[in-house]
Amino acid sequence: MAAVHESVLDAIGGTPLVRLARLGAGIAAPIYAKVEFLNIGGSVKDRAALSMVLAAERDGLLKPGGTIIEATSGNTGIGLALVGRQRGYRVIAGVADKASAEKSDILRAYGAEVVLAPTAVPAEDPRHLFNVVQRLAEEIPGAWLANQYDNLANPDAHIRTTGPEIWAQTGGRVTHFVAGVGTGGTVTGTGSYLKEASGGAVTVVGADPEASTYGGGDGSPWYVESIGHYLHPDTVEDRQPQALRAEVIDSYERIPDRESLLTVRRLSREEGLLAGPSSGTAVAAALRVARRLGPDDLVVVVLPDSGRSYLSKVHSDAWMREWGFLEEGSTLRTLLDAAGPLVTVDADATVGEAVELLRDAPGGVAPVVLKRAARPYGVAAAEVAGSASREVLAAALAEGAAKPGDPLGALVGPALPTVGVGQSPDEARAVLGEAHGAVLVLVDGRVAGVLAREVLR
Ligand code: PMP
């Protein structure tokens, strides 16, 4: 029988382990999911929020009438709103503008105030989410910035609760622990506890989006929210969170976005576990790990939050098609193959360099993209800054409005509209409208090619 609690705060933690029997079919090592979306606030971050607030009270950083402030992907904000409001504080959540709208709505419902700010700008940019919340914390009297990335009460929550729960629930049989890495609190706290309890026998695996820098990617954008480490090319000093202790992680599994997203969709359909995209990354990693193991091993993987916050994203077929993650029966794929190699123009190119590049561009247009040293994963849609047109540049040169050595600057046009490779030519024509001569076609959320209006008939 389930427990009776005098406060919701006592109902944080104590989540079940559920065997992934269908996804793990044919794999010798059993895989168990730690279902963290069954926490009372709906995610693993309830644990960290409670731990951080109690520590701040204990350390005198948070006093009656105080305000809790945090930059959060949503889940930490929900945890802080839940805990903070229960304990009588005002709560302000700074949310990344790319996070799903549902997350902000939930925060407001719990009584938090929401401030939206970008994260896809250099870390030094005053508009960056982290700088926005930092300023608020300095301006508001009695404010306390939870700072989950550097707050050691975050991993400590998992040393005291998540780790011991998993050890007890598996009767000490767990041999591998797999979790996504955002602040690193979950993987560091749980991982270090399990290593200590097992005398060093438990292997800890970080599940990371392929492009994230944690596992060795270039830090370009990816499509799984709340995990991984993004790096804007203009960021000068890249700081690692103190909640993450790198030595606890034995290895990383680097998971491409499509694998993460398709895996979380299987998790709901085949296992009855409706989870968010970071659970897809974690389970995809756990499956890779378990395939290399035997029947005496036991893998535990964390499902951090519920799929209810992502019904309009990963759990929507339309969204999956729009970003090029689903493509059965695609006709655009055939057109794309015929269109020739993708031409892109770096945002810091000169007019002369752009004209040269545009010589072979279909439709005489190409996306202008944020410059990176190398592009092992292609150009993510979020890195497209605008478009360059052969016609516009040639006219500017002919009229003397620009010289070949000038930066592109003012001659950059609006970004071309995008379609997913799985959408139809009709849908592509519809997004084109009257204003544009071409569309960008996305495969796995990355620009795979440009289709001119003429070829869409
Ligand atoms: N998945 C989701 C959905 C999350 O909200 C978070 C927290 N940002 C994580 C994974 C990563 O957890 P942690 O911060 O403990 O590394």
Side-chain angles (χ1 to χ4, degrees), residues 13 33-39 41-52 70-81 93-96 98-100 102-104 106-107 119 129-130 146-159 161-163 177-193 204-209 212 214-215 222-230 240-246 248-249 252 255 260-261 264 267 273-285 301-310 313-315:
K34 182 74 169 156
V35 189
E36 287 298 301
F37 61 74
L38 289 178
N39 274 297
S43 88
V44 69
K45 301 305 300 204
D46 290 359
R47 298 181 191 261
L50 179 60
S51 172
M52 291 191 294
E70 182 60 329
T72 160
S73 62
N75 288 324
T76 304
I78 293 169
L80 287 171
V95 176
K98 68 176 180 188
S100 56
E102 290 99 326
K103 284 187 172 173
S104 296
I106 295 172
L107 283 166
T119 51
L129 177 60
F130 292 174
N147 195 8
Q148 57 171 330
Y149 284 89
D150 295 324
N151 191 330
L152 299 184
N154 164 13
D156 191 53
H158 302 285
I159 295 176
T161 69
T162 322
F177 175 68
V178 183
V181 187
T183 64
T186 307
V187 78
T188 298
T190 314
S192 58
Y193 178 88
V204 177
V205 178
D208 207 33
S212 155
Y214 283 145
W222 62 90
Y223 287 80
V224 177
E225 291 174 34
S226 308
I227 52 168
H229 192 71
Y230 168 77
Q240 298 298 303
Q242 286 169 30
L244 172 62
R245 289 214 338 259
V248 176
I249 302 177
Y252 278 98
I255 311 294
S260 292
L261 301 178
V264 76
L267 202 55
L273 293 163
L274 179 63
S278 71
S279 297
T281 309
V283 171
V301 57
V302 177
L303 309 186
D305 74 352
S306 161
R308 289 195 180 207
S309 305
Y310 310 89
K313 289 189 159 183
V314 60
H315 293 294

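As the structure lists them, so they are numbered: ligands from 1, and atoms in each ligand from 1. No hydrogens, no waters, no symmetry mates; every other heavy atom, side chains included, goes into these values.
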- [ ] Taking the side chain as every heavy atom from C-beta outward, state whether K103 and S226 have any atom pair closer than 4.5 Å.
- [x] yes

Task: Winner among E225, K45, K103, H158 once heavy atoms are compared against atom 7 (C) of ligand 1 - done: K45

Open item on the list: Using a 4.0 Å cutoff against the non-hydrogen atoms of D305, which atoms of ligand 1 qualify?
Closed with: 3 (C)

- [ ] Quick one: look at T186 and ligand 1, take heavy-atom pairs under 4.0 Å, and tell me if it's side chain, backbone, both or neither.
- [x] both

Open item on the list: Within the 4.0 Å heavy-atom shell around T183, which atoms of ligand 1 are there?
Closed with: 13 (P), 14 (O), 15 (O), 16 (O)

Open item on the list: Polar contacts were defined as any N/O atom of the residue lying under 3.5 Å from an N/O atom of the ligand; does this apply to G182 and ligand 1?
Closed with: yes

Task: Winner among S278, P155, G74 once heavy atoms are compared against atom 1 (N) of ligand 1 - done: S278

Task: Minimum heavy-atom distance S51-A157, with the two atoms named - done: CB-CB, 3.5 Å

Open item on the list: Under 3.5 Å, is there a donor on one side chain and an acceptor on the other for E70 and T76?
Closed with: no

- [ ] Flag the pair L107 / I78 as yes when at least one side-chain heavy-atom distance between them is below 4.5 Å, and no otherwise.
- [x] yes

Task: Distance-only N or O hit between ligand 1 and Y310, under 3.5 Å - done: no

TODO: Answer with side chain, backbone, both or neither: which part of V181 has a heavy atom less than 4.0 angstrom from an atom of ligand 1?
DONE: backbone

Task: 4.0 Å heavy-atom contact, G184 with ligand 1 - done: yes

- [ ] Would you mind telling me which of V302, V301, V248 makes a side chain to side chain contact (heavy atoms under 4.5 Å, CB included) with F177?
- [x] V302

Task: Side-chain touch R47/N39, heavy atoms, less than 4.5 angstrom - done: yes

Open item on the list: One residue to check: Q148. Relative to ligand 1, which of side chain, backbone, both or neither has a non-hydrogen atom less than 4.0 Å away?
Closed with: neither

TODO: Measure I227 to ligand 1 on non-hydrogen atoms and call it side chain, backbone, both or neither using the 4.0 Å cut-off.
DONE: side chain

TODO: With heavy atoms under 4.0 Å as the rule, classify the contact between S226 and ligand 1 as side chain, backbone, both or neither.
DONE: both

Task: Aromatic ring pairing W222/Y230, orientation class (parallel under 30°, perpendicular over 60°, tilted between) - done: tilted

TODO: Find all atoms of ligand 1 within a distance of less than 4.0 Å from any non-hydrogen atom belonging to P304, and give their numbers and elements.
DONE: 1 (N), 2 (C), 3 (C), 10 (C)

Open item on the list: Taking the ring of H315 and the ring of Y310, is the distance between their centroids below 6.0 Å?
Closed with: no

TODO: Could you check L273, L38, V44, V264 and say which one makes a side chain to side chain contact (heavy atoms under 4.5 Å, CB included) with L303?
DONE: L273

